[in-house]
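Take a look at the structure set out below.
Quick note on labels: first sequence line is chain A, next is B, and so on, each numbered from 1. All values below come from the heavy atoms of this structure, side chains included, with hydrogens, waters and symmetry mates left out.
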Number of protein chains: 2
Amino acid sequence: MRKAGSYIRNGMQNEFVAFGALCYAGFMTEGSVSTAQGDQAATRPDDAGGPRLPLTQRVAGAIRDMIVQDQLKPGERIRERALSEVLKVSRTPLREALKLLSAEGLVEILPHRGAVVANPEPQEIYGKLQVLGVLESLAGELAAVQATDEEISEVRALHFEMLASYTRKNRLEYFKANQKIHRAILSCSRNEALIETHSRINAQLYRVRYQSNLRNRKWQSAIEEHEDILHALEARDSGRLSALLRAHLGSTWAKVSEMLGVSGSE
Amino acid sequence: MRKAGSYIRNGMQNEFVAFGALCYAGFMTEGSVSTAQGDQAATRPDDAGGPRLPLTQRVAGAIRDMIVQDQLKPGERIRERALSEVLKVSRTPLREALKLLSAEGLVEILPHRGAVVANPEPQEIYGKLQVLGVLESLAGELAAVQATDEEISEVRALHFEMLASYTRKNRLEYFKANQKIHRAILSCSRNEALIETHSRINAQLYRVRYQSNLRNRKWQSAIEEHEDILHALEARDSGRLSALLRAHLGSTWAKVSEMLGVSGSE
DNA sequence: TGTGGAAAAATGGCATACAATTTTCGATAG
DNA sequence: CTATCGAAAATTGTATGCCATTTTTCCACA
């Protein structure tokens, strides 16, 4: 029953995800949510063979998108009744969705004061990037050994996609391709817990990284690092791939901290 | 078929009664349930000193304990109505609690089939231990640099506690002290995301590690490794502490896999 | 004995009501 | 005018009943 090697193939439109849909593969895709404008995925009735995801998870997805898209801003309080009216669902599934997002770290639930959008301080962001660094490092270590040749080819293809987006100066596509590459490497690790944990932390950083990508002048600097990463993967150089991935997160912090105006980058 | 009313009663009679006090200290990021005093309160609503924590979180804590104590066995289905009667709460907070636990990875929610206690296969357990390894490794790296002298002393004190329990051949106390030591090192990292992520994965392995500890003949073998770890910490040898902690999880896998009867330890 | 399908049971979801708590805001005193 | 206290309003927490959907059980029937 293991769907081991299929992550890249079906990775985009994953069906049911039991442990909360942490996958942002389809984030801000064309026909996406746009929850604030009245039409919302959370309440669509029967889309063509529509995925029968539990309403709670669809609501969670809608809120996730609203957070990442800054329709819900960090620190902002989420009022249950108001949001349930906007999303056109009752409070019950909405509250369950908020519980999910709380466990994912995207919102914080204060007793009797409701949920607020997580607003991590620079130091916390740095900490999360550190964790992400060791996780990707482990993933690289495993991927270099266990990846199939097809998977490595797919990573290279994604790399070219990213180059295409870079050439077109399309930051959004560039960012998405960048994320895809890292997810692809993670999936090569064959370690579900690793993939899931990485997705969780990554989700907590998604918004700030997206903002950083939009604003940073050196937004393309990851290209060279990705070249090295790709070479290490193709050479199946476990140690080098591991080290490069961890260092990669270091330069991510450099860019993020610049945007945040942090003085000492520790 | 409904052995409903026996859950709690069993819990009070068996040897695990003290067990609730040891698990998940500081598990939830905030407003920690502190199951030591909160667990049974869920079944006694009228207890003195009105519960200040939302019922949902107390229920989640109660279910956590039931899982770890094997009152709810891996793979067992959790019936909402039955369990809500046992805990004497309505379905609403119970369902929210199950959502929480699902996000924590202790239960799995299948659409229209309800929640079942997570039952990871050996391969998944190995994967989680790998993740735990790099997390503790990072924690050691940071702790060696950032820990205060007082914190290091406290780790040593905990080490002596563990030795005491070992000498008395008290496996439960030994296990608890062991966990405490690792949590103490984690807290020295000053990295909330790291601590929280570690707690999450650790919770998923708590039951199997406890069982392993109970059954393994070489249950004291971690003593020597802990000696080395302690020395590296006191010498503030970042690299060595990091490496030792990761290797430590390797030997944990050796013990767990032996219990599970896994042939190749990969 | 095997299969189809109806009945039963369980979960998914909604709405309402009420309790507990926080927040708001106005009245009063200094 | 400001500060503080407290009642009212708003918001979250919990319980309950209801129905829809899906799964499971199991009995009739071939």
Side-chain angles (χ1 to χ4, degrees), chain A residues 15-18 20-21 40-47 49-63 72 75-102 107-117, chain B residues 1-4 28 30-31 33 38 41-47 49-63 72 75-102 107-117:
Chain A
E15 36 187 57
F16 176 69
V17 181
Q40 59 292 86
T43 64
R44 70 188 167 200
D46 290 39
D47 271 76
R52 294 296 189 186
L53 259 95
L55 185 60
T56 292
Q57 298 187 24
R58 276 179 289 156
V59 171
I63 300 175
L72 289 174
E76 181 177 340
R77 193 164 155 190
I78 298 177
R79 286 174 188 80
E80 292 181 359
R81 282 194 171 83
L83 188 54
S84 70
E85 287 171 14
V86 173
L87 298 178
K88 291 174 180 167
V89 298
S90 69
R91 282 179 63 208
T92 306
L94 174 63
R95 285 172 55 80
E96 288 178 352
L98 289 174
K99 290 277 191 301
L100 273 182
L101 297 173
S102 159
V107 308
E108 207 172 331
I109 293 184
L110 310 172
H112 289 285
R113 271 195 272 173
V116 297
V117 180
Chain B
M1 199 57 76
R2 183 177 288 185
K3 51 183 172 179
M28 306 287 294
E30 100 183 36
V33 180
T43 68
R44 298 179 300 181
D46 298 317
D47 241 298
R52 289 279 168 256
L53 261 105
L55 185 59
T56 293
Q57 297 186 27
R58 275 177 293 150
V59 170
I63 299 175
L72 289 175
E76 180 176 339
R77 195 165 154 187
I78 299 176
R79 287 173 188 78
E80 291 184 358
R81 286 192 167 81
L83 189 54
S84 70
E85 289 171 15
V86 173
L87 298 178
K88 291 178 181 164
V89 298
S90 70
R91 278 179 66 214
T92 306
L94 175 62
R95 286 169 52 78
E96 290 179 350
L98 289 175
K99 287 280 192 300
L100 271 182
L101 297 172
S102 158
V107 308
E108 203 171 334
I109 293 184
L110 309 172
H112 291 283
R113 270 197 276 172
V116 299
V117 179

With no hydrogens and no angle check, is any side-chain donor or acceptor of Arg113(A) less than 3.5 Å from a backbone partner on Arg77(A)? no
Rounding to a whole Å, what distance do you find between Leu110(A):CG and dA20(C):C1'? 16 Å
Pairwise distance NZ(Lys99(B)) to CG(Leu94(B)) - rounded to 0.5 angstrom: 10.0 Å
What is the distance, rounded to the nearest whole Å, between atom CD of Glu85(A) and atom C1' of dT16(C)? 15 Å
dT14(D), OP1 or OP2 - any side-chain N/O from Thr56(B) closer than 4.0 Å? yes
Using atom CG of Leu98(A) as one end and atom C1' of dG13(D) as the other, report the distance to the nearest whole Å. 13 Å
What is the distance from CZ of Arg95(A) to P of dT11(D), rounded to the nearest Å? 14 Å
Quick check for you: among dG13(C), dT14(D), dT23(C), whose closest atom lies nearest to any side-chain atom of Arg58(B)? dT14(D)
For the NE2 atom of His112(B) and the CG atom of Leu110(B), what is their distance to the nearest 0.5 Å? 11.5 Å
Using the 3.5 Å cut-off, write out each protein N or O paired with an N or O of nucleotides 16-19 of chain D and the distance between them.
from	atom 1	to	atom 2	distance (Å)
dT16(D)	O4	Thr92(B)	OG1	3.2

In whole angstroms, the gap separating C1' of dA10(C) from CD1 of Ile109(B) amounts to 14 Å
Could you please spell out the steps behind the side chain to side chain contact (heavy atoms under 4.5 Å, CB included) verdict for Val59(A) and Leu100(A)? CA-CA 10 Å; Val59(A) 171; Leu100(A) 273 182; over 6 Å; no
dA9(C) P sits how many Å from Arg79(B) CZ, rounded? 13 Å
Whole-Å gap separating P (dA9(C)) and CZ (Arg77(B)): 13 Å
Side-chain contact check for His112(B): nearest option of dT23(C), dT23(D), dT21(C) is dT23(D)
Inter-residue atom distance Ile63(A).CD1 - Leu72(A).CG, 0.5 Å rounding: 7.5 Å
Here the distance between atom C1' of dT14(D) and atom CD of Glu96(A), to the nearest Å, is 13 Å
Set of residues satisfying salt bridge (charged side-chain N to carboxylate O under 4.0 Å, His left out) with respect to Glu80(A), sequence neighbours excluded: Arg91(A), Arg95(A)
Would you compute the distance between atom CD of Glu96(B) and atom CG of Leu101(B) and round it to the nearest 0.5 angstrom? 12.0 Å
For dA10(C), take OP1 and OP2 only and decide whether either is under 4.0 Å from a side-chain N or O of Arg113(B). no
